[in-house]
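Remember, it's 1-based here, ligands and their atoms both numbered in the order they're listed. Quick caveat: nothing in here was measured; it's all calculated off a predicted structure.
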Amino acid sequence: MTRYLTIQSVLFVCLGNICRSPLAEGALRTLVADRGLDLLVDSAGTGDWHIGSPPDARAIQIAADHGTDISGLRARQVAPADMDQFDLILAMDSSNLDDLGALVREDARAEICLALDLVPGRAGGSVADPYYGDAVDFAIAWSDAMVIAEAIVDRIAGDS
Ligand code: 4NP
């Protein structure tokens, strides 16, 4: 998956940084803490509409339902500097991946791919945007976030 032997930092990127990428950040932070791993985890959005905002209340709720508190996260916009500050930048959907392509240079530190590329059987897939959906859509986004997080910690555990 990645050219790095050991992944030390992961940035999840979606459109608004208030639904999918904060869920993925929360899911991964929880697994990293549970397993005593050392990993920098962050998230950002390609858009600027929600900078400084907490996650969508529906995202906070579905994470809380699964024991993860993401209420303290605040949205930020992805920046060119991120391309050199993270080992792995994971786009939640193919549109996010296209947008990241405009920011990245050939010699950037980060490897950029779809988050679901890490999940066996789901390569090339997108995490559906739940923003205009309902609680079921947020539950699906949480489920996707968790399988992505599990794939990452399995990868790290396999490296060590
Ligand atoms: P996210 O969802 O990219 O998963 O955070 C969205 C949040 C906000 C908007 C679209 C998607 N919006 O259009 O404001």
Suppose I only count heavy atoms of Leu15 and a 4.0 Å limit; which atoms of ligand 1 are within that range? 3 (O), 10 (C), 11 (C)
Which atoms of ligand 1 have any heavy atom of Ile18 under 4.0 Å away? 5 (O), 7 (C), 8 (C)
Are a donor atom and an acceptor atom from the side chains of Asn96 and Asp99 found within less than 3.5 Å of each other? no
Is the closest basic N to carboxylate O distance between [X] and [Y] below 4.0 Å?
{"X": "Arg20", "Y": "Asp56", "result": "no"}
{"X": "Asp154", "Y": "Arg35", "result": "yes"}
{"X": "Asp144", "Y": "Arg122", "result": "yes"}

[atom]: the protein heavy-atom neighbour that sits closest, reported with distance to 0.1 Å:
{"atom": "atom 1 (P) of ligand 1", "result": "Cys14 SG, 3.5 Å"}
{"atom": "atom 6 (C) of ligand 1", "result": "Tyr131 CB, 3.6 Å"}
{"atom": "atom 2 (O) of ligand 1", "result": "Asp129 OD1, 3.2 Å"}
{"atom": "atom 13 (O) of ligand 1", "result": "Tyr132 OH, 3.5 Å"}

Could you say whether the N/O atoms of [X] and ligand 1 ever approach to under 3.5 Å?
{"X": "Pro130", "value": "no"}
{"X": "Trp49", "value": "no"}
{"X": "Cys19", "value": "yes"}
{"X": "Ser21", "value": "no"}

Check whether any side-chain heavy atom of Leu114 lies under 4.5 Å from a side-chain heavy atom of Leu90, and answer yes or no. no
Kindly indicate whether the side chain of Leu88, heavy atoms from C-beta on, has any atom under 4.5 Å from the side chain of Leu11.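 Side chain of Leu88 against side chain of Leu11, heavy atoms only: no contact under 4.5 Å found.
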Please verify whether a non-hydrogen atom of His50 lies at under 4.0 Å from ligand 1.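 A heavy atom of His50 does come that close to ligand 1.
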Identify the heavy atoms of Ala115 and Met92 that sit nearest to each other, and give their distance.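 Of all heavy-atom pairs spanning Ala115 and Met92, the closest is CB-SD, 4.2 Å.
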Under the side chain to side chain donor-acceptor pair (under 3.5 Å) test against Asp42, which residue among Arg76, Gln85, Arg29 passes? Arg76
